[in-house]
Amino acid sequence: MAGHAPPRLRPNSLRLGVNIDHVATIRNARGGDHPDPVRAAQIVAAVGGDGITAHLREDRRHIRDEDLARIQAATNLPLNLEMAATDEMLEIALRHKPHAACIVPERREERTTEGGLDAAGQHNRLAPIVGRLADAGIRVSLFIAPDPRQIEAAMQLRVPVVELHTGEYAHAEGEQRAIELRRISDMAALAALNGIEPHAGHGLTYDNVQPIAAIPQLAELNIGHYLIGEAIFTGLEGAVRRMRDLMDEAR
Ligand code: PXP
């Protein structure tokens, strides 16, 4: 069925999931149908992206409910649904059965997902949601800060995947950036050592992606805002291709 194909594998591969939320942000600015995030998903599929990521927010500021089924029907790429740990989102995920669900923290007033999920402090709230998603065959991931307590919490929740938040790394400069990179690299290794597949994302650009892409344990990067921004200047096709090339070059 469209949208449920397993991720494609390349030797020594690092998958690129493209977050198409901000195509919908532009569409919603005028309230019509254009630009359609489904068309973006089809372009990503055509130029070698490995997955589509979309965050259905509580306020529906970008992706909307009806977009999910349309995206699943339009491409064979696996859909990674980013979702808050709420009953409403759980019910939607169970209905659409995306390939993966990445549980993210969500605050209405934030402009983007600013920090990682406090998996360590919310075990009891997350456990039943993780369990229901896993029982439905959905690959569950937690979007967490690169912090050993969060990896430990992810192990206790028995999730197969964690996505390490690269926002601190992306915003840091000089020596601090090296410290943040080390944190991500150490936590990717710790996750992998404990049987959890590490992914990473947030704030990645052509300029900062390569040190992250070079971390050998990482299996997937999810990149959105920068790619959609670049697409304005060079087209989505060219932007995804260039990111893909930079990632491959760093491996
Ligand atoms: N991964 C997750 C879990 C996200 O929530 C987001 C968007 O906030 C991204 C990746 C992509 O981040 P960006 O749009 O900054 O590339």
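Indexing begins at 1, ligand by ligand and atom by atom, following the structure's order. None of the values given here were measured: they were computed from a predicted structure. Quick note: numbers below take in every heavy atom, side chains included, and nothing from hydrogens, waters or symmetry partners.
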Point to revise | Side-chain H-bond candidate by donor/acceptor type, Thr53 with Asn80, under 3.5 Å | key: yes

Review point. For atom 16 (O) of ligand 1, which protein heavy atom lies nearest, and how many Å away is it?
Key: Gly224 N, 2.8 Å

Point to revise | Proximal ligand 1 atoms for Val104, defined as those under 4.0 Å from one of its heavy atoms | key: 3 (C)

Practice item. Answer yes when Arg139 and Glu197 have at least one side-chain N-carboxylate O distance shorter than 4.0 Å, and no when they do not. Key: yes

Review point. So, are Arg27 and Asp33 salt-bridged, with charged N and O less than 4.0 Å apart?
Key: no

Study note, to complete from the structure: Between Phe143 and the options His165, His199, His55, the ring-ring contact (aromatic ring centres under 6.0 Å, His included) test singles out His165

Check your understanding: So which of Met83, Glu82, Glu106 gets nearest to atom 5 (O) of ligand 1, if we judge by its closest heavy atom?
Key -> Glu82

Study note, to complete from the structure: In ligand 1, the atoms that come under 4.0 Å of a heavy atom of Ile223 are 16 (O)

**Study point:** Between Arg64 and Asn28, a side-chain donor and acceptor under 3.5 Å
**Key:** yes

Check your understanding: With a cut-off of 4.0 Å, which atoms of ligand 1 are near a heavy atom of His225?
Key -> 13 (P), 14 (O), 16 (O)

Check your understanding: Of the protein's non-hydrogen atoms, which lies at the shortest distance from atom 12 (O) of ligand 1, and what is that distance?
Key -> His202 CA, 3.4 Å

Exercise for review: List the closest protein heavy-atom neighbour of atom 15 (O) of ligand 1: residue, atom name, distance to the nearest 0.1 Å.
Suggested key: Gly203 N, 2.8 Å

Check your understanding: What is the nearest protein non-hydrogen atom to atom 11 (C) of ligand 1, stated with its residue, atom name and distance?
Key -> Asn222 O, 3.7 Å

**Study point:** Electrostatic pair Asp186-Arg182, nearest N-O below 4.0 angstrom
**Key:** yes

**Study point:** Between Arg125 and Gln122: side-chain donor-acceptor atoms closer than 3.5 Å
**Key:** yes

Practice item. Distance to 0.1 Å, residue and atom name: give those for the protein heavy atom nearest to atom 1 (N) of ligand 1. Key: Glu163 OE2, 2.4 Å

